[in-house]
Undergrad: 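First, the structure itself, so that you have it in front of you.
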Amino acid sequence: MPLIADYNITARPDRGIIEVYDSDAYAGDDAALAESRSRIVAGNGYHLYLHSLQPDIPVQVNIRIWDAPQPPPRDAEGTTTVTLEAETGLLVVNQLTYGPAGQMTLPRPGVYEGYAAWNGRRETAAYHESTLRRAVNEQWAPGQIGASWEQCPATEQYTLALWFVRESELDDEDD
């Protein structure tokens, strides 16, 4: 069961959210966004939301494409199943206010299933909160806060492990 493609990017979880979507499915989904607050990762089939507990410290996003289904990692803090349709074959990793962090070209357009796994959420959020407390108590300059976030001892990481399941279905408009 070989790995077909592996993409890694660092992104800032502005407002606690990182988005992953097909380049043609950039319109948001308020229901899926709200669901990500409780499920950590949620989507509508075209658009995934990854929910961080903090908005400032960059997180690692890994997208791995496999040739067959893979079991979720045992050492993950949590996992959930996901489906992501990419009609264009181009996935965007987006930071809400800052815009795209990067793009990944899939081996082929279509529907992918798999899982999302995460690690380091609580540790990174605790470090973020302690940095803000210290900054207030010690009256840090903004540059000191950013420098402290760069020294975060934990890595918040989200991994999407996906495998191709079928071609996209044509819309009636496409006929």
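Throughout, residue positions are numbered sequentially from 1 according to the sequence presented. The shown structure was predicted, so the numbers you read here are calculated from the model rather than taken from an experiment.
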Undergrad: Keeping the roles fixed (side chain from Arg121, backbone from His51), state whether a donor-acceptor pair exists under 3.5 Å.
TA: yes
Undergrad: How close do Ser168 and Gly110 get, counting heavy atoms only, and between which atoms?
TA: OG-CA, 3.5 Å
Undergrad: Identify the heavy atoms of Ala117 and Pro73 that sit nearest to each other, and give their distance.
TA: CB-CG, 4.0 Å
Undergrad: Judged by modelled atom types alone, do Thr88 and Asp24 share a side-chain donor-acceptor pair under 3.5 Å?
TA: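 Side-chain D/A pair, Thr88 to Asp24: absent.
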Undergrad: Do the side chains of Asn8 and Val61 get nearer than 4.5 Å, heavy atoms only?
TA: no
Undergrad: Is there a donor-acceptor pair closer than 3.5 Å between any side-chain N or O of Glu77 and the backbone N or O of Gly120?
TA: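 Confirmed, Glu77 side chain pairs with Gly120 backbone.
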Undergrad: If you define the side chain from C-beta out and look only at heavy atoms, does anything of Leu162 sit under 4.5 Å from Glu113?
TA: no
Undergrad: Taking Leu91's backbone N and O only, do any of them form a donor-acceptor pair with Asp22's side chain (distance below 3.5 Å, no angle check)?
TA: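 The answer is no, because no donor-acceptor pair under 3.5 Å joins these two groups.
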Undergrad: Nearest heavy-atom pair of Pro109 and Glu167: which atoms, and what distance?
TA: O-OE1, 4.1 Å
Undergrad: I need the Asp14 CG to Gln95 CD distance, nearest 0.5 Å.
TA: 8.0 Å
Undergrad: Return each pair, listed once, that meets ring pair (Phe, Tyr, Trp, His ring centres under 6.0 Å) where at least one residue sits in residues 3-25; pairs must be two or more places apart or across chains.
TA: Tyr21-His47
Undergrad: Any chance you could measure Ile65, atom CD1, to Leu3, atom CG, to the nearest 0.5 Å?
TA: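 So the gap between those two atoms works out to 8.5 Å.
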Undergrad: Give a yes or no on whether Ile63 and Ile9 share a hydrophobic cluster (residues Ile, Leu, Val, Met, Phe, Trp, Tyr; joining criterion: side-chain heavy atoms under 4.5 Å apart).
TA: yes
Undergrad: For Gln139, does the CD atom have more than 12 heavy-atom neighbours from other residues, nucleotides or ligands under 6.0 Å away?
TA: no
Undergrad: Counting only heavy atoms not in Asn137, do more than 12 sit closer than 6.0 Å to its CG atom?
TA: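 Counting neighbours around CG of Asn137, more than 12 heavy atoms of other residues, nucleotides or ligands fall under 6.0 Å, so yes.
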Undergrad: For the pair Thr80 and Arg39, evaluate side chain to side chain donor-acceptor pair (under 3.5 Å) and give the outcome as yes or no after the intermediate values.
TA: CA-CA 8 Å; Thr80 190; Arg39 290 191 56 217; 2.6 Å; yes
Undergrad: For Ile17, what are the other residues in its hydrophobic cluster, where any two members join if their side-chain heavy atoms are less than 4.5 angstrom apart?
TA: Leu33, Tyr49, Leu96
Undergrad: Gln70 side chain to Ala68 main-chain N or O, any donor-acceptor pair under 3.5 Å?
TA: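 Yes, Gln70 side chain to Ala68 backbone: donor-acceptor pair under 3.5 Å.
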Undergrad: Taking the side chain as C-beta and beyond, is there a heavy-atom pair between Leu53 and Arg122 under 4.5 Å?
TA: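 SC-SC contact between Leu53 and Arg122 confirmed.
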Undergrad: Please check: side-chain N/O of Gln144 versus main-chain N/O of Ala141, any donor-acceptor pairing under 3.5 Å?
TA: yes
Undergrad: Which pairs with one or both residues in residues 130-158 pass ring pair (Phe, Tyr, Trp, His ring centres under 6.0 Å), sequence neighbours excluded?
TA: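 Sorted pair list: His128-Trp149.
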Undergrad: Within the 3.5 Å criterion, strictly below it, is a donor on Ser52 or Glu156 matched to an acceptor on the partner's side chain?
TA: yes
Undergrad: If hydrophobic clusters are built from ILVMFWY residues whose side chains come within less than 4.5 Å, do Leu50 and Ile57 share one?
TA: no
Undergrad: Could you pull out the closest heavy-atom pair between Ala161 and Trp66, with the gap in Å?
TA: CB-NE1, 3.9 Å
Undergrad: Could you check Asn94 against Ile18 for side chain to side chain contact (heavy atoms under 4.5 Å, CB included), going step by step and ending with a plain yes or no?
TA: CA-CA 6 Å; Asn94 193 51; Ile18 297 291; over 6 Å; no
Undergrad: Is a side-chain donor or acceptor of Gln54 paired with a backbone partner of Asp56 at a separation under 3.5 angstrom?
TA: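 Such a contact is found between Gln54 side chain and Asp56 backbone.
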Undergrad: Please report the interatomic distance CG(Leu132) to CD1(Ile145), rounded to the nearest 0.5 Å.
TA: 6.5 Å
Undergrad: Just so I know, are the side chains of Val92 and Glu19 near enough to count as touching, which here means a heavy-atom distance under 4.5 Å?
TA: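 Val92 vs Glu19: side chains apart.
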Undergrad: Any ring pair (Phe, Tyr, Trp, His ring centres under 6.0 Å) pairs touching residues 99-126, not counting sequence neighbours?
TA: Tyr112-Phe164
Undergrad: In chain order, what residues pass the side-chain hydrogen bond (donor to acceptor under 3.5 Å, both in side chains) check against Thr10, with sequence neighbours excluded?
TA: Gln60
Undergrad: Over all heavy atoms of both residues, which pair between Ser36 and Ala42 is shortest? Give the atoms and the distance, please.
TA: N-CB, 3.6 Å
Undergrad: List the steps, then state whether side chain to side chain contact (heavy atoms under 4.5 Å, CB included) holds for Val93 with Met104.
TA: CA-CA 8 Å; Val93 178; Met104 176 191 189; over 6 Å; no
Undergrad: Leu48 and Gly43: which non-hydrogen atoms are nearest, and at how many Å?
TA: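 Scanning both residues completely, I find the closest heavy atoms to be CD2-CA, 3.9 Å.
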Undergrad: Between the side chain of Asp6 and the main-chain N/O of Arg64, is any donor-acceptor distance below 3.5 Å?
TA: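 Such a contact is absent between Asp6 side chain and Arg64 backbone.
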Undergrad: List the residues meeting salt bridge (Lys or Arg N to Asp or Glu O under 4.0 Å) with Glu85, not counting sequence neighbours, and say none if there are none.
TA: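 Checked Glu85 against salt bridge (Lys or Arg N to Asp or Glu O under 4.0 Å); zero matches.
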Undergrad: Evaluate the side-chain proximity of Leu160 to Val20: yes if any heavy-atom separation is below 4.5 Å, no if none is.
TA: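 Yes, side chains in contact.
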Undergrad: Decide side chain to side chain contact (heavy atoms under 4.5 Å, CB included) for Thr83 and Val111; before the verdict, give the C-alpha distance in whole Å, the side-chain angles of both, and the deciding distance to 0.1 Å.
TA: CA-CA 7 Å; Thr83 299; Val111 178; 3.9 Å; yes
